Amino acid sequence: QVQLVESGGGLVQAGGSLRLSCAASGRTFSTYGMGWFRQAPGLEREFVATITPSGSSTYYADSVKGRFTVSRDNAKKMVYLQMNSLKPEDTAVYYCAATKYPGVSPYYTEYNYWGQGTHVTVSS
């Protein structure tokens, strides 16, 4: 089992940057693919980025490609989402999640464990 806790959210102006962190517990963290999702008020949860267990492969939503970077440190049991050139439409609650899916998956139904979320607000 994996427990996840996100941090690093906050208020930032458009064009600014934030780095989200996700701390994981559990001895088998390095066997899980990790994903970031977000949910804006009134909208469905949407995929942002994902990274394979070894960190060798990543995959991004088109809306964040070139602006966001997902990374992980298996020794520290941490996953990160570096967000640059933020836009007001990036405003949402951001969640990290863990999956046993063997590849990269943008589908939230493939993810077994979720954090509580961290709020990101981008002002114009």
Side-chain angles (χ1 to χ4, degrees):
Q1 190 163 350
V2 177
Q3 294 181 325
L4 305 170
V5 179
E6 303 95 333
S7 61
L11 173 63
V12 63
Q13 287 188 331
S17 297
L18 279 176
R19 188 196 197 201
L20 304 184
S21 298
C22 175
S25 64
R27 291 179 294 176
T28 59
F29 170 74
S30 62
T31 66
Y32 285 85
M34 298 298 297
W36 287 96
F37 292 77
R38 66 187 182 186
Q39 188 166 17
L43 299 179
E44 292 189 354
R45 191 167 300 191
E46 66 171 347
F47 167 75
V48 175
T50 186
I51 186 167
T52 51
S54 67
S56 60
S57 295
T58 57
Y59 179 68
Y60 298 92
D62 287 344
S63 58
V64 306
K65 200 172 296 182
R67 299 189 298 125
F68 290 12
T69 302
V70 60
S71 61
R72 66 190 296 161
D73 184 333
N74 284 343
K76 295 182 178 179
K77 298 182 182 179
M78 296 291 296
V79 182
Y80 306 100
L81 185 67
Q82 178 66 43
M83 306 187 295
N84 299 328
S85 303
L86 282 161
K87 304 175 182 179
E89 51 263 44
D90 294 318
T91 294
V93 178
Y94 283 71
Y95 299 89
C96 74
T99 179
K100 277 294 192 179
Y101 187 79
V104 290
S105 174
Y107 304 110
Y108 71 87
T109 53
E110 296 283 357
Y111 290 78
N112 310 98
Y113 303 102
W114 293 83
Q116 84 290 347
T118 186
H119 289 258
V120 172
T121 302
V122 184
S123 63
S124 58

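Only a predicted model underlies this, so the values are computations on that prediction, with no experimental measurement involved.
- For Tyr59, the side chain to side chain contact (heavy atoms under 4.5 Å, CB included) partners are Phe47, Thr50, Val104, Pro106, not counting sequence neighbours.
- Here the CE atom belonging to Met34 is positioned 11.5 Å from the OG atom belonging to Ser71, to the nearest 0.5 angstrom.
- Under the 4.5 Å side-chain heavy-atom criterion for grouping Ile, Leu, Val, Met, Phe, Trp and Tyr, Val70 is connected to Val48 within one hydrophobic cluster.
- Neither Ile51 nor Tyr95 shares a network with the other; the hydrophobic side chains, linked directly or stepwise wherever heavy atoms of I, L, V, M, F, W or Y lie under 4.5 Å apart, form separate groups for each.
- A donor-acceptor pair under 3.5 Å links the side-chain atoms of Arg72 to the main chain of Thr52, judged by distance alone.
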Side-chain donor-acceptor contacts of residues 79-88 below 3.5 Å, not counting sequence neighbours, with atom names and distances?
from  : atom 1 : to    : atom 2 : distance (Å)
Gln82 : NE2    : Asn84 : OD1    : 2.9
Asn84 : OD1    : Ser17 : OG     : 2.9

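- Taking each heavy atom of Ala24 and Phe29 in turn, the nearest pair found is CB-CD1, 3.4 Å.
- Within the structure, every pair that satisfies the side-chain hydrogen bond (donor to acceptor under 3.5 Å, both in side chains) test and touches residues 97-107, not counting sequence neighbours, is listed here: Thr31-Lys100.
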Which pairs of donor and acceptor atoms, one on a side chain in residues 3-16, lie under 3.5 Å apart (sequence neighbours left out)?
from : atom 1 : to     : atom 2 : distance (Å)
Glu6 : OE1    : Gln116 : N      : 3.0
Glu6 : OE1    : Gly117 : N      : 2.9
Glu6 : OE2    : Cys96  : N      : 2.8
Glu6 : OE2    : Gly117 : N      : 3.3

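- Partners of Tyr60 under the ring-ring contact (aromatic ring centres under 6.0 Å, His included) rule, at least two apart in sequence or in another chain, do not exist in this structure.
- Looking only at distances, a side-chain donor or acceptor of Thr91 sits under 3.5 Å from a matching main-chain atom of Val122.
- Proximity of a side-chain donor or acceptor of Asn74 to a complementary backbone N or O of Pro53 within less than 3.5 Å is detected.
- In the hydrophobic clustering, where aliphatic and aromatic side chains (Ile, Leu, Val, Met, Phe, Trp, Tyr) are joined below 4.5 Å either directly or transitively, Leu43 stands alone.
- Centroid-to-centroid, the aromatic rings of Tyr111 and Phe37 come within less than 6.0 Å.
- Interatomic distance, CZ of Arg38 versus CZ of Arg45, reported as 13.0 Å (0.5 Å rounding).
- Distance CH2/Trp114 to SG/Cys22: 11.0 Å, rounded to 0.5 Å.
- By the rule that hydrophobic residues join a cluster once side-chain heavy atoms approach within less than 4.5 Å of another member, Tyr113 and Met78 end up as members of separate clusters.
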